[in-house]
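Sequence lines set the chain letters: A, B, ... in the order given, protein chains first and strands last, and positions in each chain run from 1.
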2 protein chains.
Amino acid sequence: MSAFAPTEARLDVTRAKYPDFPRGPAVLVRLIKHLFKEIHDEANALLRPYGLNHPEYNILMMLYGSPDNSMHPSALADAAGEKSANITRLTTQLCEKGYVARSGSDTDRRKVTLTLTPEGLALIDGFLPGIVTLLHKQTRNLTAGEQDQLEVLLKKMLAGFGE
Amino acid sequence: MSAFAPTEARLDVTRAKYPDFPRGPAVLVRLIKHLFKEIHDEANALLRPYGLNHPEYNILMMLYGSPDNSMHPSALADAAGEKSANITRLTTQLCEKGYVARSGSDTDRRKVTLTLTPEGLALIDGFLPGIVTLLHKQTRNLTAGEQDQLEVLLKKMLAGFGE
DNA sequence: TATTGAATATACATAAATGAACTATATACT
DNA sequence: AGTATATAGTTCATTTATGTATATTCAATA
């Protein structure tokens, strides 16, 4: 039935050996891992024809989510959840492909500005319809009300981190 | 305030440029990415003193979740969500560290059985208290009822994949 | 029983991510 | 001004993950 059932069975075995292991929290964590993996894999499959992988897509979308289509590498690292060294590598690739442009800042010459090129914007316009379809597909089992509920609960859970 | 607020701001910008982009589904997907990253990072930090990373921990726990503390590589790959080539590498490491033993199967000699050694079990006993504490910490913002609700919704969402 | 096909595990080459210096610029303090 | 401290970004070595090809074994069947 569900692909998650074996995970719950393993959890039962674990709890038989180690009764303190908390079922609820463990299930939630494993569900999130499973969902992340599914989301990640499906997005990767969709993006492959465009010559992009998931991290590259993320970077393009972070830039697209900025009013002027541009960000500094450190902000980008923060937004995309990548290490700054990785941002350098990924944005270099995107520059080489012509989707992103690097330019220096006048006010602070340490800073670098990364901006979507017209080609980058065109690429985004190209894959966004597929992404929209995918997003709807990935949440199709939830009603609008359930999506709202889920959003509230996930935000609440996330707020408990890093304190 | 919330570390998630900038993500929502970016989403608003995106929707201004591309109105079809579905807010609810996109928020859910990004929340799951954020949560996964936090969970992953915190677990890694906890496990580092034991000389383990998250995938290695996962493998140990999958074996521990089996009644006889053992599994075949392909089942392990499935359970841990890793590619089988990666399972070979990871279990080789764990064998070298003495936490897992490889042995051939009598009935089907293609198969290899991976089993937790006494040292592996002792290691698990060593880190499990910390894991239990971490799991409680990661879900502390949710009441028991909310955890149940969240579990139901996540399972429902997960069921929509791969059909 | 010999042969083909499918499944399993691994080896090897390639790609991606991380962590620890390193360079250059900016800010703060005396 | 001059020195220390902090920050931005990159480079490089190492670790980690993935994809492809290969070897081994079992099952089916001619």
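Residue pairs meeting the salt bridge (charged side-chain N to carboxylate O under 4.0 Å, His left out) criterion with at least one partner in residues 63-78 of chain A, sequence neighbours excluded, are absent. Pairs engaging residues 127-152 of chain B under the ring pair (Phe, Tyr, Trp, His ring centres under 6.0 Å) rule: Tyr50(B)-Phe127(B), Tyr57(B)-Phe127(B) [sequence neighbours left out]. Applying the ring pair (Phe, Tyr, Trp, His ring centres under 6.0 Å) test to every pair with at least one member in residues 86-108 of chain A, sequence neighbours left out, gives no pairs at all. A salt bridge (charged side-chain N to carboxylate O under 4.0 Å, His left out) check over residues 119-129 of chain B, counting only residues at least two apart or in different chains, returns nothing. Pairs passing the salt bridge (charged side-chain N to carboxylate O under 4.0 Å, His left out) check and including a residue from residues 106-115 of chain A, sequence neighbours excluded, read Asp108(A)-Arg110(A).
Residues satisfying the salt bridge (Lys or Arg N to Asp or Glu O under 4.0 Å) criterion with Lys83(A), sequence neighbours excluded, are absent altogether. Residues meeting the side-chain hydrogen bond (donor to acceptor under 3.5 Å, both in side chains) test with Glu8(B), sequence neighbours left out: Lys155(A), Arg23(B). Residues satisfying the side-chain contact (heavy atoms from CB on, under 4.5 Å) criterion with Gln93(B), sequence neighbours excluded, are Glu56(B), Arg89(B), Leu90(B).
Taking a 4.0 Å limit (strictly below) on heavy-atom distances, residues 93-101 of chain B does not reach DNA chain D anywhere. Of the residues in residues 46-63 of chain A, those placing a heavy atom less than 4.0 Å from an atom of DNA chain C are Asn53(A), Pro55(A), in numerical order. Within residues 78-86 of chain A, the residues having any heavy atom closer than 4.0 Å to DNA chain D are, in order of number, Ser84(A), Ala85(A).
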Quick test: give all pairs of protein nitrogen or oxygen and nucleotides 1-8 of chain D nitrogen or oxygen below 3.5 Å, distance rounded to 0.1 Å.
from, atom 1, to, atom 2, distance (Å)
dT7(D), O2, Arg110(A), NH1, 2.9

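Counting any heavy atom pair closer than 4.0 Å across all strands shown, Thr113(A) reaches no nucleic acid atom.
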